[in-house]
Amino acid sequence: MRKIILDLAVTLDGFIEGANGEIDWCIMDDDMGFENFLDDIDTIFYGRISYELWGQFQPADDASMAQKKLMKKIHSKDKYVFSKTQKEDDKATYISSVIAEKVNEIKNKPGKNIWLYGGSKLITTFIDEELIDEYRLFVHPIILGKGKPVFGNIKTRVGLTLNYMKTFKSGVVLLCYDA
């Protein structure tokens, strides 16, 4: 069965964005295997704001070929946007109600794994509904002090099992947990 994987960058103090939405602290090491991760998924789940900011992002004309290739690979995936203020477009399917039921329908279809991209409200909903199978957190060696926390307003405690850990040359640590 397909797995729903929360894969994201987080600061040491638990933020996914700075106080002004900045992500300039996020490091992409060549050996992080992000392209391999993208090869293992065929679907991305976005919250509305994350989709508007990143789900349709196009690199600038002068961006590197590597960045253009990466974004092309991301945009080749099936996209689902979770939104109460539903806006249809031809690049994504929108879901506004009975989230757990619809997520399980998608999860039970044949295919590769599913990337839960976020944002934080959607992540909280997925945690509360026990829909995440694997947590892949890239912990960056920075403390912001304030910003958007990755885990906020979670209803209940969630026990996880460490599956894998890796340190990268930049000091980023990947922690992989099974739910």
Side-chain angles (χ1 to χ4, degrees), residues 2-79 112-127 131-154 158-179:
R2 302 166 83 181
K3 293 190 298 186
I4 296 175
I5 303 170
L6 173 62
D7 179 285
L8 54 80
V10 62
T11 64
L12 186 59
D13 54 346
F15 296 109
I16 56 174
E17 294 178 2
N20 299 308
E22 66 272 15
I23 57 168
D24 58 340
W25 49 267
C26 192
I27 301 164
M28 287 292 287
D29 283 338
D30 293 340
D31 60 343
M32 285 182 169
F34 187 61
E35 286 205 38
N36 294 337
F37 172 73
L38 291 175
D39 290 339
D40 290 338
I41 66 161
D42 62 5
T43 303
I44 304 174
F45 288 161
Y46 291 97
R48 181 189 54 81
I49 295 170
S50 293
Y51 180 68
E52 288 173 358
L53 292 173
W54 299 108
Q56 304 176 75
F57 175 79
Q58 294 296 327
D61 290 339
D62 62 346
S64 70
M65 286 306 293
Q67 185 182 22
K68 289 177 181 178
K69 181 182 172 188
L70 186 69
M71 291 311 299
K72 184 176 181 178
K73 192 176 255 193
I74 289 171
H75 291 315
S76 72
K77 310 301 180 184
D78 292 334
K79 298 177 184 179
K112 296 180 179 182
N113 291 327
I114 300 165
W115 178 15
L116 173 56
Y117 183 89
S120 62
K121 289 179 186 176
L122 184 61
I123 291 168
T124 298
T125 299
F126 272 62
I127 291 171
L131 295 171
I132 301 173
D133 299 298
E134 184 178 325
Y135 292 74
R136 290 175 36 103
L137 304 176
F138 288 84
V139 182
H140 286 63
I142 188 166
I143 297 171
L144 296 181
K146 57 184 173 178
K148 184 180 283 187
V150 64
F151 303 118
N153 302 314
I154 305 297
V158 179
L160 303 172
T161 302
L162 182 64
N163 184 25
Y164 180 76
M165 184 176 87
K166 183 175 181 180
T167 304
F168 299 96
K169 61 187 172 197
S170 62
V172 172
V173 177
L174 168 61
L175 301 171
C176 291
Y177 293 96
D178 291 329

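Because the structure is a prediction, the values reported are computed rather than measured.
Here the side chains of Ser120 and Ile16 are in contact, with some heavy-atom distance below 4.5 Å. A heavy-atom distance below 4.5 Å is found between the side chains of Phe34 and Asp7. The shortest side-chain heavy-atom distance between Leu38 and Ser76 does not fall under the 4.5 Å cut-off. Between Leu137 and Leu174, the closest side-chain pair of non-hydrogen atoms is not below 4.5 Å. Side-chain contact between Lys112 and Asp40 is absent, with no heavy-atom pair separated by less than 4.5 Å.
Residues Ser50 and Gly119 approach most closely at OG-N, 3.0 Å, considering heavy atoms. Counting all heavy atoms, side chain and backbone alike, Ala63 lies closest to Lys68 at O-CE, 3.5 Å. For Ala9 against Cys26, the heavy-atom pair with the smallest separation is CB-SG, 3.6 Å. Of all non-hydrogen atoms in Ile132 and Ile123, the two that sit nearest each other are CD1-O, 4.3 Å. Nearest heavy atom pair, residue Val158 against residue Ile127, reads CG2-CG2, 3.5 Å. Closest approach of Tyr135 to Ala179, counting heavy atoms only: CE1-CB, 4.0 Å.
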Query raised in the report: Run the side chain to side chain contact (heavy atoms under 4.5 Å, CB included) check on Phe138 and Phe168 step by step: do they pass?
Result: CA-CA 10 Å; Phe138 288 84; Phe168 299 96; 3.9 Å; yes
Requested in this report: Give the intermediate values and the outcome of side chain to side chain contact (heavy atoms under 4.5 Å, CB included) for residues Ile143 and Thr11.
Outcome: CA-CA 6 Å; Ile143 297 171; Thr11 64; over 6 Å; no
Query raised in the report: side chain to side chain contact (heavy atoms under 4.5 Å, CB included) between Thr124 and Lys121: does it pass, once the steps are laid out?
Result: CA-CA 5 Å; Thr124 298; Lys121 289 179 186 176; 5.7 Å; no
Query raised in the report: Ile27 and His140: side chain to side chain contact (heavy atoms under 4.5 Å, CB included), yes or no, with the steps?
Result: CA-CA 7 Å; Ile27 301 164; His140 286 63; 3.9 Å; yes
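From Lys73, atom NZ reaches atom CD1 of Ile41 across 10.0 Å, with rounding to the nearest 0.5 Å. Note that CZ of Phe45 is 12.5 Å distant from CG of Leu6, once rounded to the nearest 0.5 Å. If you take CD1 on Ile23 and NZ on Lys148, they are separated by 11.5 Å, rounding to the nearest 0.5 Å. Glu35 contributes atom CD, which lies 9.0 Å from atom CD1 of Ile74 (distance to the nearest 0.5 angstrom). In this structure, NZ in Lys3 is found 11.5 Å from CD1 in Ile114, a value given to the nearest 0.5 Å. Taken to the nearest 0.5 Å, the CG atom of Asp39 stands 12.0 Å off from the CG atom of Asn113.
For Lys169, the NZ atom is densely surrounded, since the number of other residues' heavy atoms within 6.0 Å is greater than 12. Other residues, nucleotides and ligands place no more than 12 heavy atoms under 6.0 Å from the CE atom of Met165. Heavy atoms from other residues, nucleotides or ligands lying under 6.0 Å from CG of Asp24 number more than 12. Heavy-atom contacts from other residues, nucleotides or ligands closer than 6.0 Å to CG of Asp31 number more than 12.
The side chain to side chain donor-acceptor pair (under 3.5 Å) test with Thr43 is passed by exactly one of Arg2, Lys79, Lys77: Arg2. Only one option out of Tyr51, Phe126, Trp115, Phe57 pairs with Tyr46 in a ring pair (Phe, Tyr, Trp, His ring centres under 6.0 Å); it is Tyr51.
Looking only at distances, a side-chain donor or acceptor of Asp133 sits under 3.5 Å from a matching main-chain atom of Ile4. Judged by distance alone, the side chain of Lys166 and the main-chain N or O of Val172 form no donor-acceptor pair under 3.5 Å. Panel note: side chain Asp13, backbone Gly145; a donor-acceptor pair is recorded below 3.5 Å.
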